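Reviewing the structure listed below.
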Amino acid sequence: MAFDSLAALLAMGGHAPYVWPAWGVTAALLIGSAWHARAERRQRIRELKRRNRRERSAAKRDAPGDFSEREADDA
Amino acid sequence: MRVVEPRAGLGVAIAATVKRDLTLMLRRRSEVINPLVFFALVITLFPLGISPAPALLAEIAPGLLWVAALLATQLSLDALFRGDHDDGSLEQLLLAPQPLAALVLAKVLVHWLLTGLPLALMAPLLGLMLSLPSGGYGVLMLSLALGSASLSLIGAIGAALTVGLARGGVLLSLLVLPLYIPVLIFGAGAVQVITLGGNAAPHLAILGALLAVALMLAPWAIAAALRISING
Amino acid sequence: MRVVEPRAGLGVAIAATVKRDLTLMLRRRSEVINPLVFFALVITLFPLGISPAPALLAEIAPGLLWVAALLATQLSLDALFRGDHDDGSLEQLLLAPQPLAALVLAKVLVHWLLTGLPLALMAPLLGLMLSLPSGGYGVLMLSLALGSASLSLIGAIGAALTVGLARGGVLLSLLVLPLYIPVLIFGAGAVQVITLGGNAAPHLAILGALLAVALMLAPWAIAAALRISING
Amino acid sequence: MTFRLDARGLACERDDRWLFRGLDLSVAPGEVLRVEGPNGSGKTTLLKILSGQLSDHRGELTWGGEPMRRVRAAFLTNLLYMGHAPGVKAALTPLENLAWYQALNGERGSDAERLAALDEIGLGGFEDIPTAQLSAGQQRRVALARLVLMPRPLWVLDEPFTAIDRQGVDALERRIQAHAHAGGGVILTTHHALSALDAQRSVVLGHGETVQAEPALGSLHAGR
Amino acid sequence: MTFRLDARGLACERDDRWLFRGLDLSVAPGEVLRVEGPNGSGKTTLLKILSGQLSDHRGELTWGGEPMRRVRAAFLTNLLYMGHAPGVKAALTPLENLAWYQALNGERGSDAERLAALDEIGLGGFEDIPTAQLSAGQQRRVALARLVLMPRPLWVLDEPFTAIDRQGVDALERRIQAHAHAGGGVILTTHHALSALDAQRSVVLGHGETVQAEPALGSLHAGR
Amino acid sequence: MWAFIHKLGSPKWFYAIAMRLQPWFWTAALVLLAVGSVWGLAFAPADYQQGNSFRIIYVHVPAAILAQSCFIALAAAALVFLVWKIKVADMAAAVIAPFGAAMTFVALFSGSVWGVPTWGTWWIWDARLTSMLIQLFLYLGVIALRGAFLSRDSGARAASVLALVGVVNIPIIKYSVEWWNTLHQPATFTLTERPAMPPEMWLPLLIMVLGFYCFFIALTLMRTCSEILKRESAKRWVRELADEAPGGKR
Ligand code: HEM
Ligand SMILES: Nc1ncnc2c1ncn2[C@@H]1O[C@H](COP(=O)(O)OP(=O)(O)OP(=O)(O)O)[C@@H](O)[C@H]1O
Ligand SMILES: Nc1ncnc2c1ncn2[C@@H]1O[C@H](COP(=O)(O)OP(=O)(O)OP(=O)(O)O)[C@@H](O)[C@H]1O
Ligand SMILES: [Mg+2]
Ligand SMILES: [Mg+2]
C-alpha cells in the first residue's frame with residue numbers, strides 16, 4: 001500500500017483533481033459501454049420476441065401453420 | 001365549394017416549421033455535429049500550418065477562433081434552403097398563405113440553435129488548445145453566441161439568393177463574407193480586448209445592436225431573395 | 001442485331017470528358033472565380049480578426065495562405081460529382097464501357113486545372129498583402145501547385161463517398177480535412193523553411209512523392225466510392 | 001362567396017418566341033380546365049403564371065374579380081399547387097410530411113386524419129417509412145395525399161399522373177371529377193389519355209406563336 | 001454472335017419484404033420484355049439489377065451464357081440504359097450532351113449525325129439551346145436521342161414515356177418495335193397503355209411476396 | 001482454414017462461437033481490470049518526480065494503445081467486408097468504430113488532465129498528441145459517414161472505404177507530424193524519455209493493458225451478436241433463438 005489511509009488515497013498527495021477525473025472518465029466510458037451493450041442485447045431479444053408473438057397470432061388468425069416461410073437460406 | 005377564408009394559424013405554422021426542421025436535422029445527427037467538427041478541424045489546421053508555439057498561438061487565438069467559427073456557420077448555411085428547393089417544398093413554402101418572413105425566421109432560428117449555439121458552447125475547449133489566456137472564455141462564448149445569430153441571419157440572405165443555382169457553395173461565401181466583416185471585427189475585438197485586460201462591454205453592446213438590426217431587416221430580405229430565386 | 005465488341009476509344013472518352021467538364025465550368029465562369037475569391041476573402045479576414053501588424057502577419061503568412069488555399073480547394077470539391085449525380089449522368093458514367101478510374105481521373109484533372117492551378121498563380125498576390133518575405137514566392141507557388149493536385153485527388157474520394165447524400169458539404173470536410181494534414185504540413189513547411197533562409201527542396205520532394213502516391217491509389221478509391229454511392 | 005380565377009390577355013415569351021399570346025381563360029366552381037399541347041409548348045409556364053409564381057409575363061390575373069396582387073393571401077389560402085417536383089421531404093415519413101403541410105395552412109390536424117388520407121391514396125402501411133425509401137410513384141402519392149387531406153377549392157396540377165400506376169390514375173381521375181362535382185375548380189396538364197374525367201374544357205397551346213383553343217366538351221373560354 | 005441476357009433465381013429484399021423471389025427471365029434478340037406492376041412493386045429495382053447497378057440481390061445474371069461479373073465490360077458495351085433521371089447536363093446544349101455520350105462509348109461521331117438524331121426525335125431547332133431552358137419533355141427527348149444515335153443491341157428503359165406528348169409516345173413505340181424487328185432486345189417499364197407495341201412479353205411484379213408471370217402475346221419466359 | 005473463415009463469416013456460426021467465448025472475456029476483463037486498478041491506484045509506488053499524478057498512466061496508456069489497435073481492427077474488418085463480402089465483418093466494424101473513438105477520447109482526456117500537473121498546460125501541439133487528435137477526427141468521420149446513408153448497405157461500404165483510406169494515411173500523418181514538430185522547435189516535452197520503471201510500476205500497467213484488450217474483445221463480440229440479431233431478424237434460427245433466450249420479458 002503506497003498510502004497510509006483512505007483519506008490519503010483519496011487526496012492522492014494533492015493530485016486528486018487530476019487523477020480521479022482521469023480515472024473517473026475512463027471508468028464511466030467503460031462501464032457505460034458495457035451497460036449499453038447489455039441494454040442493447042436485451043432490447044434486441046425483446047423486439048424479436050414481440051415480433052414472434054405478433055406473427056404467431058397473425059398466423060393463427062389467417063391460417064394454421066408456423067410463422068415465416070422466409071428461412072430460405074440459413075447458415 | 002366555398003372560398004376558404006384566410007385563417008390565423010401563424011403560430012401553428014411557425015411551430016410546425018421549427019419542429020420539422022429540428023426533426024430533419026436531428027434525424028441525421030451527423031448534420032448537427034458536422035459544423036462543430038469542422039470548427040475543431042480548422043482550428044487544428046492552424047497550429048499545423050503556422051507553428052505549435054503557445055505564445056504565438058495565444059496572440060492570434062481570438063482571431064483564429066472567430067474566423068473558424070464564421071466559416072463553420074457559413075458553410076452550414078448552404079444547406080439551409082437547398083434541400084427544400086430541390087424537392088419542391090420551397091415552392092410550397094412560398095405558396096403558403098402565411099407570411100413568408102415569419103416562416104423563414106423559424107428556419108433561421110433552428111439553424112442558429114443547432115449551429116451557432118453549439119459553436120459558442122464548444123469554443124472554450126478550442127481556446128484552451130490555442131492557449132487562450134484565462135479570463136477570455138466567458139466573453140468568447142457570449143460574443144460567439146450573439147455574433148453567430150447575426151451570421152445566421154445575414155448568411156440566410158445569401159443562401160436564399162443562391163438557392164436556385166447549381167453550385168451555390170462558394171458563391172454564397174462570396175456574397176456573404178463581406179457582410180460578416182463588422183460582426184467579425186467586433187466579435188474578435190471583444191475577445192482580444194478582454195485578454196489584454198480591457199473592457200469588452202462596448203464591443204458586446206455593438207454586437208447586440210447588429211443582431212437587433214439583422215433581426216428586423218433580414219427576414220424581409222430573405223423572403224424577397226427566395227421569391228427572386230424561385231422565379232427564375 | 002449482332003453483339004458489339006468492346007472497342008478501344010479510351011483516349012476519345014477521356015478527351016471528351018475533359019472537354020465536357022471544361023465547357024461546363026467555363027460556361028459558368030463564376031464557378032472558376034469563386035474559389036479564388038473565397039481564398040482572397042479568407043486571407044482578408046485574418047488581418048481583420050487578428051491584427052494588422054506586418055511583422056506578426058509575415059510570421060504566420062505561410063500557414064494562413066496554405067490553410068486558406070486548402071479550404072478553398074476543399075469547398076469547391078463538393079460540386080465535383082454532385083451535379084452529375086443529380087441529373088443522372090453519373091449513372092451513365094458508371095455504365096460506360098470504359099474503365100471508371102480513368103474517366104474519374106479526367107474529371108479530377110479538370111478540377112485541378114481550374115482550381116488548384118489558379119490558386120497557386122494567385123497566391124503571391126495575397127502573400128504580398130500579408131507581407132510574406134520576398135524569396136518565398138516561387139516556393140509558395142510551386143508548393144501550392146504540387147500540393148493542390150494531391151488535395152484534389154484525396155478530396156475527390158470524399159466527394160465520391162458523399163455524393164449520394166443530401167447535404168454533403170460539411171461531412172465532406174470532416175472526411176477529407178484529416179487526410180489533408182500531411183500535404184498541409186509539408187506545403188506550409190516548404191514556404192516557412194525558405195522564408196527562414198533554409199532549403200525547401202526536401203519538402204517539395206516529399207510533396208511530389210505524396211502526389212505520386214495519390215495519383216496511383218486515389219483513382220481506384222474514387223471509382224469504388226462512386227460505385228457505392230450510386231448503389232444506395 | 002364562390003371563387004373565380006380569370007386571366008385576360010396573358011402572354012409569355014421565351015427565347016424570342018411567344019409561347020402564348022392574348023390568352024384569356026377562367027376557372028369557376030365545377031370546372032376542370034385541361035391545358036394541352038406538345039412538349040415545350042408552355043404548359044408548365046402557364047400553370048406557374050396562374051399560380052402566381054412567375055411574374056415575367058403580360059396580361060392580367062384576377063381572383064374573385066380583384067387583381068391578384070391585392071388578394072394574394074386570400075388566393076393562396078384557396079390554392080393547392082402540385083408541380084413537377086412533388087415537394088416531399090425525403091428524410092421525413094409520409095405522416096410527418098403531411099403534418100407540415102397542414103400546419104403551413106394553419107391547421108393542426110390529427111394523425112388519424114392523416115392516416116386516413118394516406119390509406120385512401122394507397123399508402124397504408126408505408127406511413128412510417130422515410131419517403132426516400134419509397135418508389136417513384138409512392139413518393140408522388142405522398143404529395144397527392146394533400147388532395148384528400150386539405151380542402152382547397154382550386155387545384156393546379158402539373159402532370160399529376162406522372163409515375164402513377166393504372167389503378168392509381170383511375171382513382172385520381174375520379175377524385176378530380178368528384179372535386180369538380182362538389183364545386184371545386186381544377187387546372188391540370190397531362191399527356192395521358194383520360195377516361196373517367198369527362199366534361200373538361202381545354203386550352204391547347206401550340207408550337208410558336210399560335211394559340212388555338214378548342215372546346216373539348218365544354219364551351220370555349222380560351223383563345224386569342 | 002448474338003446476345004442473350006439471362007437471370008436465374010433473382011431475389012431482392014427491401015425493408016424485410018421480398019420484392020420478388022425466384023425470378024427467372026431472359027431477353028434474346030427480337031424480344032421486348034415489359035416489366036409491369038403497381039407503384040412500389042420493384043420495377044426500377046429489377047431494372048437496376050439487370051443493368052448491373054445494384055448488387056444487393058440474390059440470383060445469377062449471365063450475358064451470352066457467361067456470368068456477368070466476368071463479362072461486365074462486354075455487357076456494358078452492348079447496353080443502353082435510361083433511368084428515371086435523364087442523365088442530361090442542364091448547362092450543355094443537346095448537341096454537346098450527345099457528343100459526350102458518343103465519346104463515352106469510344107466514338108467520335110460527327111455533328112451532322114447528332115443533328116440528324118435530334119431532328120428525328122423532334123428537337124430540330126433546339127440543338128443549340130442549353131438544355132436547362134427546355135421543357136420537361138424536351139429534356140427527356142435529349143436523352144432519348146441516344147436511342148437513335150448509338151447502336152446498342154440491348155435497351156433497358158425505365159418509364160421512357162414520362163413527360164412525352166402523345167405523338168412522341170407513338171413515335172417512340174414505333175422506334176422500339178423497329179429495334180426489336182431489327183434483332184435488338186428491349187426491357188422496359190411503363191404505366192402507359194401501349195398501342196403500337198405488339199408481341200411483347202411481360203413480367204408482372206406484385207405487392208409483397210408473390211411473383212406472377214403472364215404472357216401478354218409472346219411466350220412465357222419469366223416466372224417462378 | 002479457408003473453410004473455417006467462411007464458416008465464421010456466416011452469422012449463425014459466428015453467433016454461436018461468439019456467445020460461447022464472450023463470458024470468458026468478460027470475466028478476464030473484470031478480474032484484470034479490478035486487480036490492475038487496485039494495484040495501480042493504491043499499491044504501486046508514487047513516481048519520484050511526478051508523485052501520484054503518475055497513476056494516470058494506468059488508464060492513459062492502455063486507452064492510447066487500444067485506440068490505435070481499434071483503428072487497425074476497423075480497417076481489417078473493412079477489408080474483409082469489401083473483398084469477401086462477409087457481413088459479420090461489417091457488423092464488427094460498426095461496433096468497433098464508436099468504441100475506438102471513445103478510447104481515443106479517453107487517451108486525449110487523461111493525457112491533457114495529466115499535462116496540467118506535469119507540463120503546466122492542458123494541451124501542447126506535440127507530435128503524438130496531434131496525431132491522436134487527428135485519429136479522433138478520422139474515427140468521427142467513419143462514424144458520421146456510416147450514419148449519413150439511408151441505406152445500411154451503402155453506409156457500410158462507404159465507411160469501409162474511408163477506414164481503409166484512413167489507415168493508409170495514419171502512418172503518413174504520424175510521420176509528417178513528427179517532422180513538422182521537430183522542424184520548428186525542439187519538443188519541449190517528450191513522452192518517451194523517462195527513467196526505466198521498476199516492475200511494481202509496470203506490472204500493473206501490463207495487467208491494465210491486457211484488461212482493456214479483454215474488455216474490447218468481449219464488448220465487440222457481444223455487440224456484434226446484437227447487431228446480428230438486428231440485421232438477421234427475419235431468419236428462422238434467430239427467431240427460434242429468441243424464443244429460447246432468457247431475459248427480455250419486461
Ligand atoms: C492529450 C494529451 C496526450 C495524448 C493525446 C497522449 C497520447 C499518447 C499516446 C498515443 C501514447 C502511445 C501509446 C503507445 O502506443 O504506446 C502515449 C503513451 C504515453 N504517454 Fe501520453 N499522451 C498525452 C499526454 C501525456 C502526458 C501529459 C504524459 C505524462 C507526462 C503522458 C505520458 C505517457 C507515457 C508515460 C506513455 C507510455 C510510454 C510510451 O509508450 O511512450 N502522456 N500517450
Ligand atoms: N433506397 C431504398 N432503400 C430502401 N428501400 C427502397 C429504396 N428504394 C426503393 N425501396 C423500396 O423498394 C420498393 C420498390 O421500389 P421501386 O422503385 O423498385 O418500385 P417501382 O416498381 O419502380 O415503383 P414505381 O412504379 O413507383 O416507379 C419500394 O416499395 C420501396 O419501399
Ligand atoms: N428557365 C427557362 N428559361 C428559358 N426558357 C425556358 C425556361 N423554362 C422553359 N423555357 C422554354 O419555355 C418553353 C415552354 O416550357 P414549359 O416547361 O412551359 O413547357 P411544357 O408545355 O410544360 O412542356 P412539357 O410537356 O415538356 O412539360 C420551352 O420550349 C423552353 O424552351
Ligand atoms: Mg411541363
Ligand atoms: Mg420506378
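In this text the structure is predicted, and so the values were computed from the model without any measurement. Proteins come first, then strands; the chains are lettered A, B, ... in the order of their sequence lines, and each starts at number 1.
Interface summary for chain B: among D/Pro130, D/Gly185, D/Gly87, D/Ala85, the most heavy-atom pairs under 4.5 angstrom belong to D/Gly87. Chain B forms more heavy-atom pairs under 4.5 Å with one residue of D/Leu76, D/Leu80, D/Leu79 than with any other, namely D/Leu76. When D/Gln139, D/Arg72, D/Arg146, D/Gln102 are compared by the number of non-hydrogen pairs under 4.5 Å with chain B, D/Arg146 comes out ahead. Among B/Leu94, B/Leu90, B/Leu93, B/Ile14, the residue making the largest number of heavy-atom pairs under 4.5 Å with chain D is B/Leu93. Of all the listed residues (D/Ser51, D/Gly30, D/Ser55), the one sharing the greatest number of non-hydrogen pairs under 4.5 Å with chain B is D/Ser55.
Between B/Pro97 and D/Ala73, the closest heavy-atom pair is CB-O, 4.2 Å.
For D/Thr131, no part lies near chain B; criterion is any non-hydrogen pair under 4.5 Å. Interface remark: D/Leu104 contributes backbone and side-chain atoms alike to the contact with chain B (heavy atom separation under 4.5 Å). Heavy atoms closer than 4.5 Å to chain B are found in the side chain of D/Glu96, but not in its backbone. Heavy atoms of D/Tyr101 lying under 4.5 Å from chain B belong exclusively to its side chain. Proximity to chain D is limited to the side chain of B/Leu103, based on heavy atoms less than 4.5 angstrom apart.
With hydrogens and angles ignored, the 3.5 Å screen pairs a side-chain donor or acceptor of B/Gln92 with a backbone N or O of D/Tyr81.
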TODO: Any chance you could lay out the side chain to side chain contact (heavy atoms under 4.5 Å, CB included) test for D/Lys48 and B/Glu91, step after step, and finish with the verdict?
DONE: CA-CA 10 Å; D/Lys48 286 199 170 179; B/Glu91 208 174 53; 3.9 Å; yes

Open item on the list: D/Glu107 vs B/Val12, test: side chain to side chain contact (heavy atoms under 4.5 Å, CB included). Steps then yes/no.
Closed with: CA-CA 7 Å; D/Glu107 299 162 48; B/Val12 178; over 6 Å; no

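For the pair D/Pro86 and B/Asp87, the minimum side-chain heavy-atom distance is 4.5 Å or more.
D/Arg108 CZ: 12 or fewer foreign heavy atoms inside a 6.0 Å radius.
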